[in-house]
*Asks:* 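Take this structure, written in structure tokens, and hold onto it; I'll ask about it next.
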Amino acid sequence: MPELPEVETTLRGISKKILNKEISSFISREKKLRWIIPPTIGKRVKGQRINNAFRRGKYIIFELDNCSLIIHLGMSGKLRVFNKKMKPKKHEHWDLNFTDNWTLRYTDIRKFGVLDLTLKNPLEHKLLKDLGPEPLGNSFNGIYLFEKSRKKSIAVKQFIMNAKIVVGVGNIYANEALFMAGIKPIKKAGKVTKKEYENLSTKIVKVLKDAIHEGGTTLKDYSNAEEAPGYFKKKLQVYGRGNLECFICRKNLKEIRLGNRSTVYCVSCQN
DNA sequence: CTGGTGACCTGGCTGC
DNA sequence: TGCAGCCAGGTCACCA
């Protein structure tokens, strides 16, 4: 499920159903996701309200009366609001119950997600404090990428996927943005020119905005194996298209592994 | 410091 | 039909 557009879509979907509601209880059916779920969450959140819900990179943060919850969806996490009467199914690991009929329920087949609680400013949390700028915010642009990348020998694709450089660019959109910008993913970040970074930064913004507009890219829903329509089918140019024809030049796209992630590009359109 | 690799976990798909 | 092996939207910990 989640790159930035999917997290944003999730947040928009749940926000109005949970904001300003009083929490009646927190129930976890799993001790640990990626890390231990703090056992004190239940006591801590009971009787409090969710005053604010926002996104930072791929993290979702709920600000309550005197603490904050930090949530990450990992590779396969989902947050949805259910009627409390719906019995939890397999892989539905925790519930945040409200005093009305609703519960916010977290599902995560692979358990790579995160749930943590902090009493301090959530942006100072260990997982959030070193994050780079938001790609859709005003401090992100080509000059920033250019300056950050000088003398870096790492591949430009891995560079833009590094959350300390810029948040929210996952494997799908990194492949797509590099194709749109005509830059080879394996090119060293330090060798990419200022002009290329200006182009790349606008393509990153474009692909993320387009994806948010389409409600994210859902590839597969593991629970029912439905192939999602929309953005994925219509708009992806390279991701998942290894050995298929480039839409621009009709030559076959090349698929390699870069940093253990599948990487697809066009040998003639990207330099 | 930088960059490369393995680890976490479950399930779907491919090929023998 | 069975099963081994590989792959998947993320990212941290550890190593050289």
Side-chain angles (χ1 to χ4, degrees), chain A residues 1-11 29-37 55-60 70-79 89-93 106-116 125-132 135 148-177 185-191 204 207-208 211-212 214-228 230-233 235-236 238-243 255-264:
Chain A
M1 206 198 169
E3 289 192 39
L4 186 148
E6 292 71 36
V7 178
E8 181 67 27
T9 302
T10 295
L11 179 63
R29 291 171 285 277
E30 193 70 50
K31 281 206 178 73
K32 175 180 166 288
L33 296 172
R34 179 160 187 190
W35 295 295
I36 303 279
I37 297 174
R55 180 185 60 71
R56 175 74 177 97
K58 295 172 194 166
Y59 291 89
I60 289 174
I70 293 170
I71 298 162
H72 194 290
L73 304 178
M75 292 276 261
S76 54
K78 291 175 190 171
L79 271 179
K89 295 182 192 143
K90 195 176 180 185
H91 306 306
E92 295 184 342
H93 305 307
Y106 179 76
T107 309
D108 187 355
I109 291 179
R110 294 177 70 183
K111 295 190 236 174
F112 287 172
V114 174
L115 175 61
D116 201 8
H125 188 276
K126 174 186 169 193
L127 294 171
L128 304 185
K129 67 179 171 54
D130 295 324
L131 293 178
K148 275 275 174 185
S149 62
R150 291 310 86 189
K151 298 186 178 170
K152 294 234 183 237
S153 63
I154 196 170
V156 60
K157 175 166 179 261
Q158 293 170 289
F159 175 70
I160 61 170
M161 286 178 71
N162 181 345
K164 289 182 181 170
I165 303 299
V166 55
V167 297
V169 183
N171 197 35
I172 297 178
Y173 301 119
N175 277 302
E176 295 298 311
I186 52 176
K187 187 162 176 173
K188 286 184 184 359
K191 299 284 182 186
I204 289 172
V207 72
L208 293 176
I212 290 171
E214 302 280 342
T217 303
T218 305
L219 295 186
K220 277 174 188 166
D221 180 335
Y222 286 107
S223 55
N224 61 17
E226 263 179 333
E227 194 83 18
Y231 188 80
F232 173 62
K233 269 189 181 161
K235 305 221 173 147
L236 292 185
V238 287
Y239 180 84
R241 300 195 62 251
N243 277 326
E255 178 156 10
I256 60 167
R257 293 196 73 81
L258 187 55
N260 245 331
R261 310 302 299 275
S262 138
T263 301
V264 186

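Below, chain A is the first sequence line, B the second, and so on; all start at residue 1. These values consider heavy atoms only, across backbone and side chains, with no hydrogens, waters or symmetry-generated copies.
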*Asks:* Kindly state whether the pair A:Phe112 / C:dT11 counts as stacked, where counting means centroids closer than 5.5 Å and planes tilted less than 30° apart.
*Replies:*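 No; by the centre-distance and plane-angle rule, A:Phe112 does not count as stacking on C:dT11.
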*Asks:* Under 4.0 Å from OP1 or OP2 of B:dT10: is there any side-chain N or O of A:His91 that close?
*Replies:*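 No, A:His91 has no side-chain N/O under 4.0 Å of OP1/OP2 on B:dT10.
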*Asks:* Report the distance from atom CZ of A:Arg150 to atom P of B:dT2, rounded to the nearest whole Å.
*Replies:*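 Whole-Å distance recorded here is 15 Å.
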*Asks:* When all nucleic acid strands are considered with a 4.0 Å heavy-atom cut-off, which category describes A:Lys164: base, sugar-phosphate, or nothing?
*Replies:*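 Nothing: the residue A:Lys164, judged by heavy atoms under 4.0 Å, touches no strand.
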*Asks:* Between A:Asn260 and B:dT5, is there a side-chain N or O to OP1/OP2 distance below 4.0 Å?
*Replies:*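 Checking A:Asn260 against B:dT5: no side-chain N or O falls below 4.0 Å of OP1 or OP2.
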*Asks:* Report the residue from A:Lys58, A:Arg56, A:Arg55 that forms a salt bridge (Lys or Arg N to Asp or Glu O under 4.0 Å) with A:Glu8.
*Replies:*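 The salt bridge (Lys or Arg N to Asp or Glu O under 4.0 Å) with A:Glu8 is passed solely by A:Arg55 among A:Lys58, A:Arg56, A:Arg55.
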*Asks:* Distance between the P atoms of B:dG3 and C:dG9, in whole angstroms?
*Replies:*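 Their P atoms lie roughly 22 Å apart.
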*Asks:* In terms of side-chain heavy atoms of A:Arg110, which of B:dG3, C:dG9, B:dC9 is nearest?
*Replies:*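 Per side-chain heavy atoms of A:Arg110, the pick is B:dC9.
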*Asks:* When the P atoms of C:dT11 and B:dG11 are compared, how many Å lie between them, rounded to an integer?
*Replies:*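 To the nearest whole Å, 22 Å.
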*Asks:* Please state how far atom CZ in A:Arg261 lies from atom C1' in C:dA8, giving the value in whole angstrom units.
*Replies:*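 Atom CZ in A:Arg261 sits about 8 Å away from atom C1' in C:dA8.
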*Asks:* My understanding is that a pair needs two contacts under 3.5 Å, Watson-Crick or G-U wobble. By that rule, which nucleotide pairs with C:dC12?
*Replies:*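 Base partner found: B:dG6.
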*Asks:* Looking at A:Lys111, does any N or O in its side chain come under 4.0 Å of the phosphate oxygens OP1/OP2 on C:dT11?
*Replies:*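 The answer is no; no side-chain N or O of A:Lys111 sits under 4.0 Å from OP1 or OP2.
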*Asks:* Please work out whether the ring planes of A:His72 and A:Tyr59 are parallel, tilted or perpendicular, with thresholds of 30° and 60°.
*Replies:*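 Ring orientation of A:His72 relative to A:Tyr59: perpendicular.
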*Asks:* I want to check something: taking the side chain as every heavy atom from C-beta on, are A:Thr9 and A:Glu214 in contact at a cut-off of under 4.5 Å?
*Replies:*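 They are not in contact (no side-chain heavy atoms under 4.5 Å apart), so the answer is no.
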*Asks:* Within the structure, does a side-chain N or O atom of A:Ser153 lie under 4.0 Å from either OP1 or OP2 of B:dG3?
*Replies:*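 For B:dG3, OP1 or OP2 has a side-chain N or O of A:Ser153 closer than 4.0 Å.
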*Asks:* For A:Lys32 and B:dC9, is the shortest distance between a side-chain N/O and OP1 or OP2 below 4.0 Å?
*Replies:*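 A:Lys32 to B:dC9 OP1/OP2: side-chain N or O found under 4.0 Å.
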*Asks:* What is the distance, rounded to the nearest whole Å, between atom CD of A:Glu3 and atom C1' of C:dG9?
*Replies:*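 Spelled out: CD on A:Glu3 to C1' on C:dG9 is 6 Å.
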*Asks:* Does OP1 or OP2 of B:dT10 have a side-chain N or O of A:Arg34 closer than 4.0 Å?
*Replies:*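 Answer no for this pair, as no side-chain N or O of A:Arg34 is under 4.0 Å from OP1 or OP2.
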*Asks:* Which is true for A:Lys90 with a 4.0 Å heavy-atom rule: it touches a base, it touches only sugar-phosphate, or it touches nothing?
*Replies:*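 Sugar-phosphate contact only - A:Lys90 comes under 4.0 Å of backbone atoms but never of a base.
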*Asks:* Any side-chain N or O of A:Lys58 under 4.0 Å from OP1/OP2 of C:dG10?
*Replies:*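 Indeed, a polar side-chain atom of A:Lys58 lies that close.
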*Asks:* CG of A:Asn171 versus P of C:dC7: gap in Å, rounded?
*Replies:*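 Those two atoms, CG and P, are 13 Å apart.
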*Asks:* Is the backbone of A:Val169 close enough, under 3.5 Å, to the side chain of A:Glu3 for a donor and an acceptor to pair up by distance?
*Replies:*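 Checking the backbone N and O of A:Val169 against the side chain of A:Glu3, no donor-acceptor pair under 3.5 Å is found.
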*Asks:* With respect to the side chain of A:Ile154, which nucleotide from B:dG3, B:dG11, C:dG10 is positioned closest?
*Replies:*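 The listed nucleotide nearest to A:Ile154's side chain is B:dG3.
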*Asks:* Is it true that atom NZ of A:Lys187 has more than 12 heavy atoms of other residues, nucleotides or ligands lying nearer than 6.0 Å?
*Replies:*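 Enclosed: over 12 neighbouring heavy atoms sit under 6.0 Å from NZ of A:Lys187.
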*Asks:* Write down the atom of A:Asn175, the atom of A:Ser262, and the distance for their closest heavy-atom approach.
*Replies:*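 The pair with the smallest heavy-atom distance is ND2-O, 3.3 Å.
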*Asks:* Which value, in whole Å, describes the distance between the P atoms of nucleotides B:dC9 and C:dC3?
*Replies:*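 Result for the P pair: 24 Å, nearest Å.
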*Asks:* Has the side chain of A:Glu176 got a donor or acceptor atom that lies under 3.5 Å from a matching backbone atom of A:Tyr239?
*Replies:*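 Looks like yes, one N/O pair under 3.5 Å.
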*Asks:* Over how many whole Å does the gap from A:Lys157 atom NZ to B:dG4 atom C1' extend?
*Replies:*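 After rounding, the gap between these two atoms is 15 Å.
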*Asks:* Within this structure, what is the CD-to-C1' distance between A:Gln158 and C:dG10, rounded to whole angstrom?
*Replies:*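 Those two atoms, CD and C1', are 14 Å apart.
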*Asks:* Looking only at side-chain atoms of A:Leu127, point me to the closest of C:dC12, B:dG4, C:dG10.
*Replies:*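 The closest nucleotide is C:dC12.
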*Asks:* Whole-Å distance between C:dG9 P and A:His72 NE2?
*Replies:*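 In whole Å, C:dG9 P and A:His72 NE2 are 14 Å from each other.
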*Asks:* Less than 4.0 angstrom between a side-chain N/O of A:Ser262 and OP1 or OP2 of C:dA8, yes or no?
*Replies:*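 Answer is yes, contact under 4.0 Å.
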*Asks:* Taking CH2 from A:Trp35 and C1' from C:dC12, how many angstroms apart are they, rounded to a whole number?
*Replies:*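 Result: 6 Å.
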*Asks:* Return the nucleotide paired to B:dC1: Watson-Crick means purine N1 to pyrimidine N3 with N6-O4 or O6-N4, wobble means G-U with N1-O2 and O6-N3, both under 3.5 Å.
*Replies:*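 Result: none.
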*Asks:* Just to be sure I understand the rule, does A:Lys151 reach a base, reach only the sugar-phosphate, or reach nothing, if contact means heavy atoms closer than 4.0 Å?
*Replies:*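 Result for A:Lys151 = nothing.
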*Asks:* On DNA chain C, check which nucleotide each of A:Tyr59 and A:Glu255 is closest to and give me the residue with the more 5' one.
*Replies:*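 Its nucleotide being nearer the 5' end, the pick is A:Glu255.
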